[in-house]
K.L.:
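One structure coming up, written as structure tokens, with questions to follow.
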Amino acid sequence: MAELLVRIQLGPGSGIHVARSLLREEGLGAFYKGYFARLHARLHDLALLTLCGLTAGAIGASVGSPADLALIRVQADYTLPQAQRRNYKNAFHALTRIVADEGVLALWKGAGPTVVRAMALNMGMLASYDQSVELFRDTIGLSEASTVVGASAVSGFFAAACSLPFDYVKTQIQKMQPDAHGNYPYSGSLDCVVKTLKAGGPFKLYSGFPVYCIRIAPHVMGVYR
């Protein structure tokens, strides 16, 4: 249709006349000249942004996994019965205890789903934000502030939808501790997914979705300000 608009702007006659001439002389494909080139360019840009987001998410999550583990352990400690608590004083004490009790490599327990979560979050965020901005600003005509808020909300929703299942698995793996026989509730991430699906169905992986969306949306807004 962009081709038709250009012909109308450059040539004489009404839109209907130009459209008929274009259809008669060049066929239906003439209406879409340049469309696939523009689509290819946009998909290329989106793929590049997605790749950058996936890479950045993977690197950041790998580096930050020990701190994330300590945070989850400290938070989870308060939800356990007194006899089962690890009694961490703070995050630094948690890191020290984890190394002393479980070894240095234990600092990266749950690193797999942590990395995948970060990659999925960035992918969902990047893939939806630019399209949302175009919709709110160019199509609907919202102000810049309203566009940022609206696009951040949409992007936060998709980022949460893509990453929350991995976040759920990450949290379960990081907070688990052995029972009296030394057995852990999950042997790994896949085992956690299978047992969760059997126990609560697929929606169990989306526990806390509204809260997670509210948590992610300000993050998106801060990234794109």
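Numbers for residues simply follow the sequence, beginning at 1.
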K.L.:
side-chain contact (heavy atoms from CB on, under 4.5 Å) for Val193 and Val169? Distances and angles first, verdict last.
P.N.:
CA-CA 7 Å; Val193 172; Val169 173; 3.6 Å; yes
K.L.:
What I'd like to find out is whether the side chain of Tyr129 reaches to under 4.5 Å of the side chain of Val148, using heavy atoms alone.
P.N.:
yes
K.L.:
Apply salt bridge (charged side-chain N to carboxylate O under 4.0 Å, His left out) to the pair Lys195 and Asp191, showing each step before the final yes or no.
P.N.:
CA-CA 6 Å; Lys195 289 180 177 178; Asp191 184 50; 3.2 Å; yes
K.L.:
May I have the step-by-step check of side-chain contact (heavy atoms from CB on, under 4.5 Å) for Asn87 and Gln82, ending in yes or no?
P.N.:
CA-CA 9 Å; Asn87 296 314; Gln82 189 66 41; 3.9 Å; yes
K.L.:
Nearest 0.5 angstrom please: Tyr184 OH to Gln172 CD, how far?
P.N.:
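If I round to the nearest 0.5 Å, the distance is 15.0 Å.
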K.L.:
Tell me, with the steps shown, if Gln174 and Thr114 meet side-chain contact (heavy atoms from CB on, under 4.5 Å).
P.N.:
CA-CA 10 Å; Gln174 288 177 330; Thr114 299; 3.6 Å; yes
K.L.:
Quick one: are Tyr168 and Lys204 in side-chain contact, heavy atoms under 4.5 Å?
P.N.:
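They are in contact (side-chain heavy atoms under 4.5 Å apart), so the answer is yes.
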K.L.:
Quick check: closest heavy atoms across Leu107 and Leu69, and the distance to 0.1 Å?
P.N.:
O-CD2, 3.5 Å
K.L.:
Which heavy-atom pair separates Tyr186 from Cys192 by the least distance, and what is that distance?
P.N.:
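Distance-wise, the nearest heavy atoms are CD2-CA, 3.5 Å.
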K.L.:
Hydrophobic clusters here meaning ILVMFWY residues chained together by side-chain heavy-atom distances under 4.5 Å, can you tell me if Phe203 and Val211 are in one?
P.N.:
no
K.L.:
Does one hydrophobic cluster hold both Leu164 and Phe166, with members joined at side-chain heavy-atom distances below 4.5 Å?
P.N.:
no
K.L.:
Measure the spacing between CD1 of Ile173 and OG of Ser187 and express it to the nearest 0.5 Å.
P.N.:
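Interatomic distance, Ile173 CD1 to Ser187 OG, rounded to 0.5 Å: 8.0 Å.
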K.L.:
Could you tell me whether Lys175 and Asp77 have a side-chain N and a carboxylate O separated by less than 4.0 Å?
P.N.:
no
K.L.:
What I'd like to find out is whether the side chain of Pro202 reaches to under 4.5 Å of the side chain of Leu197, using heavy atoms alone.
P.N.:
yes
K.L.:
Nearest heavy-atom pair of Tyr88 and Ala94: which atoms, and what distance?
P.N.:
CD2-CA, 3.5 Å
K.L.:
Taking Tyr206 for the side chain and Pro165 for the main chain, is one N or O donor matched with an acceptor at less than 3.5 Å?
P.N.:
no
K.L.:
When hydrophobic residues are tied together by side-chain contacts of less than 4.5 Å, even through go-betweens, does Leu190 share a cluster with Val116?
P.N.:
no
K.L.:
Side-chain heavy atoms under 4.5 angstrom apart, residues restricted to Ile, Leu, Val, Met, Phe, Trp, Tyr: same cluster for Met176 and Ile72?
P.N.:
no
K.L.:
Is there a side-chain contact between Arg97 and Arg73 in this structure, where contact means two heavy atoms from C-beta onward sitting under 4.5 Å apart?
P.N.:
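They are not in contact (no side-chain heavy atoms under 4.5 Å apart), so the answer is no.
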K.L.:
Does the ring pair (Phe, Tyr, Trp, His ring centres under 6.0 Å) test come out yes or no for Phe157 and Tyr212, once each step is laid out?
P.N.:
CA-CA 9 Å; Phe157 174 86; Tyr212 193 65; over 10 Å; no
K.L.:
Check whether the side chains of Ser155 and Ser152 place a donor and an acceptor atom closer than 3.5 Å, and report yes or no.
P.N.:
no
K.L.:
Between CG of Asp167 and CG of Leu205, what distance do you get to the nearest 0.5 Å?
P.N.:
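Going from CG on Asp167 over to CG on Leu205, the span is 11.0 Å.
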K.L.:
Indicate if Val115 and Leu71 have the same hydrophobic cluster label, given that clusters are the connected sets of ILVMFWY residues with side-chain heavy-atom separations under 4.5 angstrom.
P.N.:
no
K.L.:
Are Ser146 and Phe136 packed together at the side-chain level, in the sense that at least one heavy-atom pair is separated by less than 4.5 angstrom?
P.N.:
no
K.L.:
Under the criterion side-chain contact (heavy atoms from CB on, under 4.5 Å), I'd like the reasoning laid out for Lys170 against Asp68: C-alpha separation, chi angles, the key distance, then a yes or no.
P.N.:
CA-CA 10 Å; Lys170 171 190 76 69; Asp68 187 63; 2.9 Å; yes
K.L.:
Using every non-hydrogen atom in the two residues, find where Ser128 and Val154 come nearest and quote the distance to one decimal.
P.N.:
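Scanning both residues, the minimum pair turns out to be OG-O, 4.3 Å.
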K.L.:
Which atom pair, heavy atoms only, marks the closest approach of Ala160 to Cys213?
P.N.:
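Looks like CB-SG, 3.7 Å.
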K.L.:
State, to 0.1 Å, how close Thr147 and Leu142 come at their nearest heavy-atom pair, and which atoms those are.
P.N.:
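Heavy-atom minimum between the residues: OG1-O, 3.6 Å.
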